[in-house]
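Just so we're on the same page: letters track the sequence lines, and every chain starts at 1.
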Amino acid sequence: MMPDLGKYATEVLSAYVVSLALIVVLVLISWRQSQVVRARLREVERRRDPDG
Amino acid sequence: MIGLLRRDLALAIRAGGGFGLGLAFFLIVVTLVPFGVGPDTAILGRIAPGILWLGALLACLLSLDRILALDWEDGSLDLLATAPIPLEGVVVMKAAAHWLTTGLPLVLAAPALGVLMNLPGPGYGWLTLSLALGTPALSVIGAFGAALTVGLKRGGLLLSLLVLPLYVPTLIFGAEVARRGAEGLVIGAALPLLAGISLACIALMPFAAAAAIRVNLR
Amino acid sequence: MIGLLRRDLALAIRAGGGFGLGLAFFLIVVTLVPFGVGPDTAILGRIAPGILWLGALLACLLSLDRILALDWEDGSLDLLATAPIPLEGVVVMKAAAHWLTTGLPLVLAAPALGVLMNLPGPGYGWLTLSLALGTPALSVIGAFGAALTVGLKRGGLLLSLLVLPLYVPTLIFGAEVARRGAEGLVIGAALPLLAGISLACIALMPFAAAAAIRVNLR
Amino acid sequence: MLTVTGLACARGGLPILENVSFALAAGDSLVLRGPNGIGKTTLLRVLAGLQPPVAGEIDCAPDMIAYAGHVDGIKSMLSVTENLRFWARVFGMREIAPALASFDLEALADRLAGTLSAGQKRRLGLARLMVTGRPIWMLDEPTVSLDSASTALFAAAVRRHCAGGGAALMATHIDLGLSAETLDLTPYRAVLSAPSADGFDEAFL
Amino acid sequence: MLTVTGLACARGGLPILENVSFALAAGDSLVLRGPNGIGKTTLLRVLAGLQPPVAGEIDCAPDMIAYAGHVDGIKSMLSVTENLRFWARVFGMREIAPALASFDLEALADRLAGTLSAGQKRRLGLARLMVTGRPIWMLDEPTVSLDSASTALFAAAVRRHCAGGGAALMATHIDLGLSAETLDLTPYRAVLSAPSADGFDEAFL
Amino acid sequence: MSSMWEYANPKRFMQLSGTVLPWVSGLAALCLIVGLYWGFFLTPDDFRQGSTVKIIYLHVPSALMAINAWIMMLVTSLVWLIRRHHVSALAARAAAPVGATFTVIALATGAIWGQPMWGTWWVWDPRLTSFLILFLFYLGYIALWEAVEDPDTAADLTSVLCLVGSVFALMSRYAVLFWNQGLHQGATLSLDKEENISDVFYFPLLVSIAGFVLLFVALVLLRTRTEIRARRLRALIARERMA
Ligand code: HEM
Ligand SMILES: Nc1ncnc2c1ncn2[C@@H]1O[C@H](COP(=O)(O)OP(=O)(O)OP(=O)(O)O)[C@@H](O)[C@H]1O
Ligand SMILES: Nc1ncnc2c1ncn2[C@@H]1O[C@H](COP(=O)(O)OP(=O)(O)OP(=O)(O)O)[C@@H](O)[C@H]1O
Ligand SMILES: [Mg+2]
Ligand SMILES: [Mg+2]
């Protein structure tokens, strides 16, 4: 399964871990922000216009 | 007093990322050094501890005038001086806020920047330690300088001029610890001296600073 | 417009020695370097041109926020924007005043400080020349940064963060000229490139800066 | 000299005044009134060209207006004379003696402006208007911190200016003792039209 | 509460007021009057303990005075509530709601203070006095930029404060509609004694 | 009707991006997984670099996108300055943190790669150095957006900064080349070059690049939608306060 990375295993693995971690963090932050803002907007719009 | 610290932190964060900016400046100074000095890694490694210390010092310096000047301009300082908390406490809190937004991030980031400067392996721990011990002194001394110059419309320059000579002992011992660490030498007396300077500054400077503020408000 | 220049110079001199302070900061930075780096003369000589250029750059940087911030705070900028002189002209004059009070003294003092740093013999002329050609660009770029951040209550740090990366080309060519001069190499294309950057900045930056001021006054 | 038709202004992205129209002829002086926060300062800044209007037209050459805001543009490290002389040069004028005289500043002429009291500073700020040589004065709360004698000096200066063919537009909360018309801005407060229900039109409003 | 006897104050090294004496009892409000530059600001700063007097005595515990100067100590990057809450904490108080209510700031409570108009800012500055919990208010031109409705709010707040056993000392040029005593400072202007002919005495005067 | 500017209207943009976003995100995930899996598990080691070639599937796409993100910000800034479409300015704002992250990834993977290849984490090579400068520009740009209160003012100022910054970034690139000739690989991906990297590495790299491009598009769409909503939220709250 796991390819043999030879003597450079740490380097290669850490490169993948660091990059994927950064990407995941960015995606999560963007996603969370979008949810938060969307929820707050919805709330304000409901407050402004309770039946709509 | 904790209220004051919290307010200052809130202001630092809200007014454009207090945490980030000192750090960014540190990063920039360290980046610019090789442009000036040339890309030779051997030389860069030699001067790395000193330059990192200098960069930290300048990053502190540049944000010093924010410690008191803004409060002076909008009259808050007058009001704080008549408030039921002692001015010495105000100074301590302001220096603490400055350290938390400037010094602490520098301490944490220094190892990463050490990589850029080819700092030799054993130096990282000592660099961080020396910065952690030394930067509080920089903030307190800076608060004293800010207190001396508060109310003078001269930008940060006069402040820097007053404060830089006061920074010399801290810089010497701090850079010495970092350099000996990087070169794998015995650290020796520099470390306790650095700690001593910091403690003495923290204990005594607030009184001098408060006195200076009182005179300046007059 | 000459009136503006004269006023700014008068203010710089009166408000605590504009001429002296940039210089003093330069001096202090340059004297601190041996403390940080260690007193080895060979290394100091090697890094001297770069450090002198960096010191000049930082001395410029530190006084940048004075270019516009004071005028913003006391409302002068509003009034200048409605005055019969174009904002571009205002920017040019303010950058000129900044250069005269900061850049020019640095140019004149650099050789003296070269001695402190063991700058090799042939380097003096080239160092002075490169500073004379490069510092005007630093002032104009700085004026642009000041225009972007005028009205933001965040001290000089954001300004530095914006301006320092813009300083990179000037620093590289300037330090290159000084270094090659000091090492007795052929100067080559760096000198005309440095002059070209300065000219281009002086010609174009005032427009960008004036646009930024207009946006900020809105 | 100045004709304003259907002007709307915004502050912080929100419309605050709508449909303001008035005209100012040579010799007129007009006082803007309205409660705090109605938008007097904003209106004056729009008219002075510091801020673009949202809608409407301002018919006036921009180089006719001398603006004086809440702060005075005084350099505390220059003397009173130097401050005035600087602005005179900027506006291409020469004489500053009449301005000093009108606001009773002769005795203070050599003092650093930073050592003046609040009211003295304001007098200096007002004296600046006289060295601009511009016909329309736009003043935002000109009499703040002035005592009654200085307020009278100011009223006299405005009267002289208008008699000489100038005009003045002032926002103030107190009575200046000028026989000026007043324009109350209260009726012009912007009514926010209901935002489109599904949101997101171009101006986000 | 406050007794002043034979007070003399100086500004910029020159004596400007001499021999000022007055007393303020609980429930009193006193208005300082006098032309621009007579020394009202200086007197208030001396009383607030920011500046030492040249001569005379001030009989008052320093922690009884809440001072409000020409500028308000407002942080533009904090909201109205945060500004007030900060000062409340500094003075060891809790409640800020009454202060917001007294100066009609509820609607603005969440706005950043930097986006307020001049009058709204001043209302916030005055509201700060109410969260200090101190009995003597010292106010330097408190009604600058306030419209008449806000001035009335302020007068009401002062009246309530005095009725509750406080006292107020105000320097102002306009009529506040308070039934306050006034103290005109004009007679106390310092007369410079001829400098001793042989020069050089202790204070160079 | 057919004008592309129509999508610069926030409402149209919200509609369109709402439908497109799930597809782009799905495709991005697919390409990333395929490309990185292929690269990591199914390619042989390089005879010179050993297994470290596998870093290329992260390093090169992120480096490419870091530059392209800035170029996209430059274009949208220009559109904002010229045509004043709010979506354009907000898209630039939304792209900046994404570009900055890609820059960090490129720097980090490069540094990690440098340790075995050049024996050091960092050298002042022109390519690396210009990347560091690019990172600084991202930082400054983001800091300026954060610092300015009024959104339109912030949009104007950051756009001007982006224009000026681009010019200086170019100048820095030449200056840095002039200053130091480095160790870093030349462009090996150009189509007309003789010695392109061999196909074994090439195809997974292409898929991975496509994945990064799509990831960038998806993130920018998502974040722009957030920015637009935040703008509207701000306006509505301000309006409530005024009432
Ligand atoms: C911190 C260190 C590094 C940085 C910032 C960096 C940055 C870059 C950049 C900007 C590109 C260009 C993408 C493009 O324009 O097409 C690139 C491509 C590349 N880098 Fe690095 N790099 C670093 C270290 C390394 C190392 C150590 C190696 C391997 C020895 C390496 C190998 C490559 C290769 C093979 C390419 C593809 C070249 C091409 O096809 O254009 N890089 N890198
Ligand atoms: N950045 C901002 N965001 C939202 N609202 C703002 C902003 N700046 C100002 N305002 C509001 O715009 C309105 C107009 O302010 P303006 O300063 O023009 O009032 P004004 O009539 O001059 O008041 P005053 O008499 O108090 O000086 C005020 O209600 C103010 O609160
Ligand atoms: N540094 C100084 N040197 C000399 N005189 C000064 C200095 N500072 C202030 N003064 C003078 O002291 C006097 C008192 O000033 P102060 O500010 O107390 O007046 P004020 O009564 O508050 O006036 P206003 O009503 O205008 O606010 C003024 O005449 C002022 O010009
Ligand atoms: Mg106003
Ligand atoms: Mg006063």
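- Within residues 77-87 of chain B, the residues having any heavy atom under 4.5 Å from a heavy atom of chain E are, by residue number, B/D78, B/L79, B/L80, B/A81, B/T82, B/A83, B/P84, B/I85.
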Report the C-alpha separation of E/V71 and B/D74 in whole Å, then their side-chain angles, then the decisive distance to 0.1 Å, and conclude whether the side chain to side chain contact (heavy atoms under 4.5 Å, CB included) test is met. CA-CA 6 Å; E/V71 278; B/D74 64 17; 5.8 Å; no
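- Interface remark: E/I74 contributes backbone atoms only to the contact with chain B (heavy atom separation under 4.5 Å).
- For E/F86, the part lying near chain B is the side chain, with the backbone staying farther off; criterion is any non-hydrogen pair under 4.5 Å.
- Heavy atoms of E/R11 lying under 4.5 Å from chain B are absent altogether.
- Ranked by heavy-atom pairs shorter than 4.5 Å toward chain B, the options E/E82, E/K75, E/H70, E/R128 are led by E/K75.
- Each side-chain hydrogen bond (donor to acceptor under 3.5 Å, both in side chains) pair with one or both residues in residues 87-109 of chain E, not counting sequence neighbours, appears once here: E/S102-E/R160.
- Dense packing is recorded around CZ of E/R159, with more than 12 heavy atoms of other residues, nucleotides or ligands lying under 6.0 Å away.
- With a 4.5 Å cut-off on side-chain heavy atoms, E/Q51 and B/L217 do not count as touching.
- B/R6 CZ to E/R85 CZ: the interatomic distance, rounded to the nearest 0.5 Å, is 9.5 Å.
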